[in-house]
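Reading through the structure tokens given below for one structure.
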Amino acid sequence: MALFDYTLEGESGHARAGSFETAHGTAHTPMFMPVGTLATVKGITPDQLHEIGSQVVLANTYHLSMRPGADLIAEAGGLHSFMQWDGPILTDSGGFQIFSLADTVKLDDDGVNFASIYDGAKIRWTPEDNMDIQQKLGADIIMQLDQCAPYPATREFVERAVDLSAAWAKRCLAAHTREDQALFGIVQGGMHLDLRLKSVNALREIGQASAEAGHKDFQGFGIGGYSVGEDHDVMFETLGDVARALPSNKPRYLMGVGNPTTLVRAVREGVDMFDCVLPTRTARMGTAFSSKGRMNMRNAKFKRDFEPLDATCTCPVCSKYSRAYLRHLVKSGEMLGGILLSIHNLHYLLDLMRRAREAVLAGAYEDFYEEWMASEGADDY
RNA sequence: GUGGGUAUAGUUCAGUUGGUUAGAAUGCCAGAUUGUGGCUCUGGAGGUCGUCGGUUCGAGUCCGAUUAUCCACC
């Protein structure tokens with residue numbers, strides 16, 4: 001089996017279980033990927049990431065290219081060596097950051113001009129520039145440069161983003177050379193099903209034409225442009241059709257989605273991979289995921305609660321620390337509070353996807369789904 | 001003991017020549033957070049203005065007494 005070839009190991013309804021090889025180990029789907037934008041999952045060491053069952057870890061091209069710079073990371077031997085994470089890494093292209101962070105973005109057919117949020121430096125990226133940077137960073141999976149339309153946006157705006165993203169997808173694929181890296185195309189199209197399908201078809205054609213010419217194909221697909229402010233149910237009006245329009249022999253990655261119920265629902269629609277800052281960001285602000293829903297650990301009701309965070313949880317935090325102690329840490333602004341809650345929240349999502357995978361392999365995803373939706377915490381998300 | 005200062009929200013303080021419902025910061029209570037510019041953001045509760053008395057149409061504000069506390073000097 002060649003690197004990155006996706007093996008479909010089981011199906012249950014539309015839900016899928018599969019795996020693919022990277023140069024840094026096998027990834028099993030469905031899976032959640034912890035986000036480590038600046039080559040670190042904030043507050044968590046690589047050993048701890050392993051301990052809670054992390055597979056792929058994310059890093060961000062936009063941020064790393066400006067600080068400390070792609071050349072420095074290449075000089076360090078690449079991201080794996082630099083951050084001492086020996087598992088798979090995925091770098092987001094930074095397209096999302098360009099459009100969500102910068103206030104002065106100028107697009108043209110050939111590329112994009114924007115100002116660095118770090119020092120205001122004027123930067124220009126073509127798709128080729130972006131591929132060059134991501135190949136220097138050396139992640140196992142890299143994402144095409146794309147344009148993520150905001151929500152709400154006019155249909156015309158979204159369609160232009162679809163067309164531009166497709167044009168850039170083609171150029172990213174042509175510029176992609178490293179054999180030990182997989183390139184994912186990204187589907188755009190906002191909440192319009194026809195534009196989504198147009199985006200999917202464009203990517204499929206681009207990949208096929210490239211492969212027929214003896215070059216690479218996309219080895220997976222990101223589904224971008226969701227979770228940009230719309231109600232959760234709006235995404236599910238189109239997500240299933242979009243996911244299933246993608247090739248069944250490639251992993252499907254719903255970008256930026258991380259609340260537990262949405263993951264369980266999206267797996268049911270045929271999505272394989274997720275990433276999100278939600279578990280770690282909310283952890284730093286004092287929120288914990290649990291089998292009974294979200295818990296705000298700052299709440300006074302935990303002041304004298306010496307029980308573990310979640311009695312059903314097997315994570316290293318729940319096996320040792322009490323709610324009262326965690327509340328104390330969070331209330332005191334101690335960094336250990338955010339660290340411990342991050343470990344717990346990541347474990348929660350990693351474990352949720354591990355259980356989802358088992359359910360698919362057992363051919364019982366619908367039972368798993370219904371059990372989840374009926375559970376105490378489901379409607380809390 | 002003498003002289004002077006201070007006393008307003010849990011805390012540190014602001015409050016005009018006396019004038020509507022006495023403010024801020026912080027703390028407290030709660031909510032938010034979705035391809036990470038976030039020690040962040042949004043709400044809420046909380047004060048018989050040390051106490052007693054007086055002046056005045058009206059006192060956190062002026063006067064007297066008293067209590068507490070700080071400083072200086074004996």
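Labels below follow one simple rule: chain letters A, B, ... track the order of the sequence lines, proteins then strands, and each chain is numbered from 1.
Across the C1' atoms, B/U66 and B/G19 are found 29 Å apart, a figure rounded to whole Å. A distance of about 13 Å separates the P atoms of B/U8 and B/U61, rounded to the whole Å. To the nearest whole angstrom, the two P atoms, one in B/G50 and one in B/C13, are 15 Å apart. Distance check on atom C1': B/C74 versus B/A14 gives 37 Å, rounded to whole Å. One C1' atom belongs to B/A59, the other to B/C49, and the distance between them is 11 Å to the nearest Å. Separating the P atom of B/C29 from that of B/U69 is a span of 31 Å, rounded to the nearest Å.
Side-chain nitrogen and oxygen atoms of A/Asn296 include at least one within less than 4.0 Å of the OP1 or OP2 phosphate oxygen of B/G31. Side-chain N/O atoms of A/Arg294 include one lying less than 4.0 angstrom from OP1 or OP2 on B/U33.
Remark: the A/Arg298 side chain and the B/G31 base include a donor-acceptor N/O pair separated by less than 3.5 Å.
Residue A/Leu101 contributes atom CG, which lies 4 Å from atom P of B/G37 at whole-angstrom precision.
Within the 4.0 angstrom heavy-atom criterion, only backbone atoms of the sugar-phosphate kind lie near A/Asp275; the bases stay farther away. A/Ile186 comes within contact range of at least one nucleobase, with a heavy-atom separation under 4.0 Å. If you check every strand for non-hydrogen atoms under 4.0 Å, A/Ile117 touches a base. Heavy atoms of A/Ser100 sit nowhere under 4.0 angstrom from any nucleic acid atom. As judged by a 4.0 angstrom heavy-atom cut-off over every strand, A/Glu230 is placed among residues making no nucleic acid contact.
Using modelled atom types, one side-chain atom of A/Thr22 and one backbone atom of A/His24 make a donor-acceptor pair closer than 3.5 Å.
With a cut-off of 3.5 Å on both pairing distances, B/A59 has no Watson-Crick or G-U wobble partner at all. Across all strands shown, B/C41 forms a Watson-Crick or G-U wobble pair, both distances under 3.5 Å, with B/G31. In this structure B/A68 sits in a base pair with B/U6, meeting the Watson-Crick or G-U test at under 3.5 Å. Pairing for B/G1 is with B/C73, a Watson-Crick or G-U wobble pair whose two hydrogen-bonding atom distances lie under 3.5 Å. When both pairing distances are held under 3.5 Å, B/U11 makes a Watson-Crick or G-U pair with B/A25.
Heavy-atom neighbours of A/Glu9 CD from other residues, nucleotides or ligands within 6.0 Å: above the threshold of 12. Within 6.0 Å of CD in A/Glu366 there are more than 12 heavy atoms belonging to other residues, nucleotides or ligands.
Residues of residues 324-341 of chain A having a heavy atom closer than 4.0 Å to RNA chain B, listed by number: A/Arg327, A/Lys331. Looking at residues 138-146 of chain A, you'll see A/Asp146 sit with a heavy atom under 4.0 Å from some atom of RNA chain B.
Ring pair A/Tyr118/A/His63 is perpendicular by interplanar angle, where above 60° counts as perpendicular and below 30° as parallel. Aromatic ring pairs are classed by plane angle as parallel below 30°, tilted from 30° to 60° and perpendicular above 60°; the pair A/Tyr325 and A/Tyr321 is parallel.
One finds a salt bridge joining A/Lys136 and A/Asp71 here, because a Lys/Arg side-chain nitrogen approaches an Asp/Glu carboxylate oxygen to under 4.0 Å. Look at A/Lys250 and A/Asp217 and you find a salt bridge, because one of the NZ, NE, NH1 or NH2 atoms lies within 4.0 Å of a carboxylate O, short of that distance.
Here B/G37 is the nucleotide among B/A30, B/G35, B/G37 with the atom lying nearest to any side-chain atom of A/His63.
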